[in-house]
Amino acid sequence: MSLRSNRIKKGLERVPHRALLYATGIPRSELNKPFIGVATSFTDIIPGHIGMRDLERFIEKGIHTGGGYPFFFGIPGICDGIAMGHRGMHYSLPSRELIADMVETIAEAHQFDGLVLLTNCDKITPGMLMAAARINIPSIIVTAGPMHSGLLKGKRLSLVNDTFEAIGKFKKGLISEAELEQLELCACPGPGSCQGMYTANTMACVTEALGMSLPTCATSLAITSHKRRIAFESGRKIVELVRKNITPRKILTRKAFENAIRVDMALGGSTNTVLHIPAIAHEAGVKLPLEVFDELSRTTPHIANMLPGGEHFLEDLDAAGGIPAVLKRLGKLLHNTMTLSGFTTYQIAQRAEIYNEDVIRPLEKAYHKEGGIAILRGNLAPGGAVVKQSAVNPKMMVFEGTAKVYNSEEEGMKAILNGEIKPGDVVVIRYEGPKGGPGMREMLSPTATIAGMGLSDSVALITDGRFSGGTRGPCIGHISPEAMEGGPVAIVQNGDRIKIDIPKRRLDLLIPEEEIKKRLSKWRPPRPKITKGWLARYAKLVTSAGTGAVMKED
């Protein structure tokens, strides 16, 4: 077997290299084995990652059992929930690019033969996948698993619905300060990614649907023996993948991406996948236009009613059979693609069982006829915009309202908390796109506060920023071109009328075309919010949300 790692350990000229390797403690007997890099995003500050030290041990055991030799290295991570609503959120989406670059750097510098990528949360999982596609050496993803639901007085709790939305409830006097404190203490009981189909868990499901993690990995709960066994098997499997030279681009085909999008639509996943899936496809050399999401959404029933828009937790989906059961339900809507497990998509589906007909409904009894996400266009979003339609009240699927315009998330949040937003308003938060933010901040705090105040059925929010997977209601993000690029959202004024028509996939500013042209001709870009540090460089190189907010390469 020809190994990449021979470049650092074979031949007379590699005497110094071997000396350094021996300094790490590697026995001479292990030198001829495949060198496996294990990228771990363990950190003490992200709940989804605090349990990774345990999984690292089992990955290590699996690699040794499979006949490889592991080398661990650290990758940073950001908790979007903690970074939310302040300067920290500018760094979240850009960290995806940093993660991909760091994995590439370490893997290429040390010429690993294969990679195990231990991840869990929002931008870390897509960053790891982007790196795997870019480097294209045998790689396997291990997602650390969802968090168990919280529990208070017999009621199950989740982070978004019971803390972020609780802010609005408290502001309206619907809950007391004591109740708010109890929710803080009980909503997140321990390790794992947030309990609903928010971005972290959506991306875990996408990863499994792509065929880049072992079956049931996405929904297998954190700190369980099942998750340990998956970690062990992933460690063992990577050595097999190296020996068979099964690389990510053999798995990450156009058909695999279409399967992943269908699973995403069936689950009603996070709108952030419209950023991440195209970015991963870009690294894999696969063209994936924005329209593909809408085409597949129109023909994929929404069969799992997951939080935040629905009622079920990730633990419910896992108990119902997990992603293999979803594949089984979707059946011939999917392509029969290769996965790194050794089984094809159809074989995984055939072996699966569905244990709960309500959590994973039959296609003919779907919660909605169409999938979770819709792509809107119109004179306000000629480059596209994204909405999680499965989380929108039917009466708000078509909505016309009056613009209330804010040039930052902070301005918008202040107005919401001050009671300035009334039924019939369309909150416009702009200059929060990839360039304008910079970093395309999530608007979970504004959307959750609107929902908590009972306004999600009478108020819409649109932005060139993005939303957390925890967002529900008529919230439209990723408006392209963004305001900082001179997109039409930059010239919306207070009092303008805006129409949202999700069934017709339209987002329009209801003023004459001549007035739009006149306003655009007078528009000048504002001074960037951040002018120093790597975010300033990021703002110069990042592309629009409509292309996955990938970095320019020339």
Side-chain angles (χ1 to χ4, degrees), residues 43 45-46 75-102 105 121-124 126-127 130 199 271-272 274-276 279 383 385-386 405-417 427-447 461-468 471 477-492 523-554:
T43 173
I45 200 166
I46 305 178
I75 293 296
I78 288 174
C79 176
D80 276 26
I82 296 172
M84 194 76 63
H86 57 86
R87 181 182 175 85
M89 184 48 69
H90 288 293
Y91 290 88
S92 177
L93 182 60
S95 74
R96 184 188 73 179
E97 316 308 313
L98 279 184
I99 290 163
D101 291 349
M102 291 182 72
T105 298
C121 289
D122 294 26
K123 311 308 168 294
I124 306 156
M130 289 165 66
T199 303
T271 53
N272 281 314
V274 184
L275 289 171
H276 299 324
V386 180
V405 184
Y406 306 96
N407 289 332
S408 70
E409 178 189 2
E410 288 82 1
E411 287 184 16
M413 189 64 179
K414 182 179 179 181
I416 295 165
L417 290 173
V427 179
V428 180
I429 300 180
R430 62 190 178 195
Y431 295 107
E432 291 288 4
K435 289 181 181 295
M440 203 179 182
R441 292 193 290 174
E442 287 185 347
M443 300 292 140
L444 177 56
S445 293
T447 60
L461 190 151
I462 69 173
T463 180
D464 53 7
R466 60 192 177 90
F467 296 119
S468 160
T471 294
H478 303 208
I479 292 176
S480 298
E482 63 174 288
M484 199 65 175
E485 292 181 310
V489 70
I491 52 89
V492 179
W523 175 83
R524 297 294 180 271
R527 186 175 185 272
K529 295 176 185 175
I530 295 176
T531 57
K532 293 182 179 180
W534 84 275
L535 284 181
R537 298 193 298 274
Y538 173 86
K540 293 176 182 177
L541 294 173
V542 70
T543 62
S544 76
T547 59
V550 299
M551 305 294 279
K552 295 176 185 174
E553 295 179 352
D554 51 22

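Everything numeric in this text was worked out from a predicted model, so none of it was measured. Index from 1, following the sequence.
In this structure, the side chain of K552 does not engage the main chain of L541 through any donor-acceptor pair within 3.5 Å. A donor-acceptor pair is defined here as one N or O able to donate and one able to accept, closer than 3.5 Å; no such pair exists between the side chain of T547 and the backbone of T543. Side-chain N or O atoms of H90 include none that pairs as donor or acceptor with a backbone N or O of H86 at under 3.5 Å. Of the possible polar contacts, one joining the N272 side chain to the F467 backbone as a donor-acceptor pair under 3.5 Å is found.
Here the shortest heavy-atom pairing between A415 and Y406 reads CB-OH, 3.3 Å. Of all non-hydrogen atoms in P446 and E409, the two that sit nearest each other are CD-OE2, 3.5 Å. Heavy atoms only, all atoms of each residue included: G383 and P481 are closest at N-CD, 3.9 Å. Contact between P76 and M102 at its shortest, heavy atoms only, is CD-SD, 3.5 Å. Scanning all heavy atoms of the two residues, the minimum distance from Y538 to P434 falls at CE2-O, 3.7 Å. Nearest heavy-atom pair across L275 and R466 is CD1-CD, 3.7 Å.
S544 places a side-chain heavy atom less than 4.5 Å from the side chain of E485. H478 is listed as a side-chain neighbour of M440, based on a closest heavy-atom distance under 4.5 Å. Under the 4.5 Å side-chain criterion, counting only non-hydrogen atoms from C-beta, M443 is not in contact with S468. The closest side-chain heavy-atom distance from E97 to M130 is below 4.5 Å. When side chains are defined from C-beta on, T463 counts as touching L461, because their heavy atoms get closer than 4.5 Å. Counting only heavy atoms from C-beta outward, the side chains of L93 and H276 approach each other to under 4.5 Å. The shortest side-chain heavy-atom distance between V427 and I429 falls under the 4.5 Å cut-off.
Of the inter-residue distances, the one linking I78 atom CD1 with S95 atom OG reads 4.0 Å to the nearest 0.5 angstrom. With rounding to the nearest 0.5 angstrom, the OG atom of S445 is 6.0 Å from the CE atom of M84.
Listed by chain and number, the residues in a side chain to side chain donor-acceptor pair (under 3.5 Å) with T471 are T447 (sequence neighbours excluded).
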As a quick check of understanding, evaluate salt bridge (charged side-chain N to carboxylate O under 4.0 Å, His left out) for D122 and R96, giving each step before the final call. CA-CA 9 Å; D122 294 26; R96 184 188 73 179; over 6 Å; no
Side chain to side chain contact (heavy atoms under 4.5 Å, CB included) between D80 and E442, worked out: CA-CA 8 Å; D80 276 26; E442 287 185 347; 3.3 Å; yes
Give the C-alpha distance, both sets of side-chain angles, the deciding distance and a yes or no for salt bridge (charged side-chain N to carboxylate O under 4.0 Å, His left out) between E410 and R441. CA-CA 11 Å; E410 288 82 1; R441 292 193 290 174; 2.8 Å; yes
Please determine whether side chain to side chain contact (heavy atoms under 4.5 Å, CB included) holds for the pair R430 and V405, giving the CA-CA distance in whole Å, both sets of side-chain angles, and the decisive distance to 0.1 Å. CA-CA 8 Å; R430 62 190 178 195; V405 184; 3.3 Å; yes
Could you go through residues 527-534 and list every donor-acceptor pair under 3.5 Å that involves a side-chain atom there, pairing it with any protein atom two or more places apart or in another chain?
residue : atom : partner : partner atom : Å
K529    : NZ   : N407    : O            : 3.4
K529    : NZ   : Y431    : O            : 2.6
K529    : NZ   : E432    : OE2          : 3.4

